[in-house]
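We name chains A, B, ... by the order of the sequence lines, and we start the count at 1 in each one.
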Amino acid sequence: MSAFEVRRKDADTVSVLYLKGYLDAHTAPDFEQALQNLVDENRVCIVVNMEELSYISSAGLGVFMGFIEDIRTKGGDIKLAELTEKVYRVFDLLGFPVLYDIFEKEMEAIEKYKEG
Amino acid sequence: MSAFEVRRKDADTVSVLYLKGYLDAHTAPDFEQALQNLVDENRVCIVVNMEELSYISSAGLGVFMGFIEDIRTKGGDIKLAELTEKVYRVFDLLGFPVLYDIFEKEMEAIEKYKEG
Amino acid sequence: MVTRNAEYKLHIPSQTDNLELIRNFVSGVAKKVGFGNEDINKIELALDEACTNVIEHAYRDLDKGDIDIAIKVDYQKFVILVTDKGKSFPFKELEIPDMKQYLAELRVGGLGVYLMKSLMDEVEYHSEPGVKNEVRMVKYFLNKD
Amino acid sequence: MVTRNAEYKLHIPSQTDNLELIRNFVSGVAKKVGFGNEDINKIELALDEACTNVIEHAYRDLDKGDIDIAIKVDYQKFVILVTDKGKSFPFKELEIPDMKQYLAELRVGGLGVYLMKSLMDEVEYHSEPGVKNEVRMVKYFLNKD
Ligand SMILES: Nc1ncnc2c1ncn2[C@@H]1O[C@H](COP(=O)(O)OP(=O)(O)O)[C@@H](O)[C@H]1O
Ligand SMILES: Nc1ncnc2c1ncn2[C@@H]1O[C@H](COP(=O)(O)OP(=O)(O)O)[C@@H](O)[C@H]1O
């Protein structure tokens, strides 16, 4: 079954995670593992590309909240890019745009890291 | 709701019906109506293009059977084109290829009318 | 990992515009328990035919009715029970068409039960007249996992 | 034509890998009764959250359990009842997070009930301890049809 997939692309110091499908309580552990791997490798400048993510529940949002403090302490960040309107609405409903940088294009998020 | 759609294109003496979506007991009356309209206009050289038909049940097959005799008596035919594998399997299971000309391409079905 | 040994049930009004929901339900469960696409399509069509018959025949003269669909999965098989509280019919006396003759005579209708029997490994009908009627269809897991 | 005044029920094992089936069920019914995409998405997410809580909290210490979902539709409203036979909890005492503070403190978890309340018009919880627990969520039809 492939209700959810995470792919990863490392570009210089930035790592991009591509989420695809449904991010719910069943699939959140896969996303968690992908973030944990990045942290373990000390790759903490992270962009999460959600262009192909069709659904997110609080279990998925919880993964972001579970890592953000540790990653920022380590000098990194989780930036979000290419959210569909449906997924953005969930982030927005909870006020997440206050806490996370959200970009229309993946490239913009990557550039942001390069700027400093 | 648009679980099923029939579009029609008249090309010379041949009429093509494009079926899209799910053809079941709920939507079969729409297909029936489209065929009835053609018969009423005496346009009996018919090609049914099923490229975008994702599902057919016996209610849909029944529509073909309900018109074929009348249409052939009137000198016309119902030819089938561009079936997906899934839909073809249902026609095949019931032996329909014995009774109906089935073509890979719509163009081939149209040509067949021109030849004969 | 595929989870078997479970029961899924759907209770739904007897209307043709619910057939899509019914198909989505059964194909979702069939996918989850590990059937491939070809089997999923067969199961989906067989259940559509069984429910269409309930809607069009068992509840024909009634304004309203409900269909109960139960899927029972164990390690060997996928069992679907379709229950209605409408009119019963003599399933065993039903004449199953010979398709060659059927097509030669340009007959119409009467393919539903034939399809169900072609698509599934077992199809049975039980009726307690005035109480409930039940279609039972089985698909075995073969060479799977 | 939109049909209202009907009941749809789904009975399903309490497992996170059934959430997709649950979402497909409710969004199919919500679409059928005429909700627009935005409302369909809200209803789908609210039910996912309610069921996730049943799976992760009510049945936490149990090997197995079932979830019963009933959708009752009338001309005014769309009511979802989620019933479990697991552990109950003091819903009324639940502290609903202030999101500003929540985000400032980088808290984790505890957003499910908040979401349910934000997405639906009414959310209630009733428990008969040892018998069953029930979450009741309502969405009204407004300016529709
Ligand atoms: N569930 C049912 N309840 C009552 N009668 C049924 C049922 N299923 C089938 N029948 C009867 O058996 C006949 C054959 O059914 P079927 O093979 O499905 O073809 P069709 O529905 O197209 O007539 C029907 O015409 C109907 O008289
Ligand atoms: N259906 C339920 N059964 C038992 N306990 C529940 C249920 N729903 C919620 N809870 C309790 O309420 C708390 C808050 O739930 P919620 O807001 O959904 O956040 P989360 O599930 O992420 O903790 C849960 O941690 C749990 O203790």
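A salt bridge between D/Glu38 and A/Lys86 is absent, with no side-chain N of the basic residue lying under 4.0 Å from a carboxylate O of the acidic one.
For residues 39-57 of chain A, a heavy-atom distance under 4.5 Å to chain D picks out A/Tyr55, A/Ile56, A/Ser57, given by residue number. The interface of residues 106-121 of chain D with chain A, defined by heavy-atom distances below 4.5 Å, comprises D/Leu106, D/Arg107, D/Val108, D/Leu111, D/Gly112, D/Tyr114, D/Leu115, D/Ser118, D/Leu119. For residues 24-35 of chain A, heavy-atom neighbours of chain D at less than 4.5 Å comprise A/Asp24, A/Ala25, A/His26, sorted by residue number. Annotation: residues 63-77 of chain A contacts chain D through A/Met65, A/Gly66, A/Ile68, A/Glu69 [non-hydrogen atoms, separation under 4.5 Å].
Between D/Asn37 atom CG and A/Glu85 atom CD the span is 10.0 Å, to the nearest 0.5 Å. Remark: A/Tyr22 OH to D/Asn24 CG distance equals 6.0 Å, nearest 0.5 Å. From A/Leu93, atom CG reaches atom NZ of D/Lys42 across 7.5 Å, with rounding to the nearest 0.5 Å.
The contact between D/Glu56 and chain A is made entirely by side chain atoms (from C-beta outward), counting heavy-atom distances below 4.5 Å.
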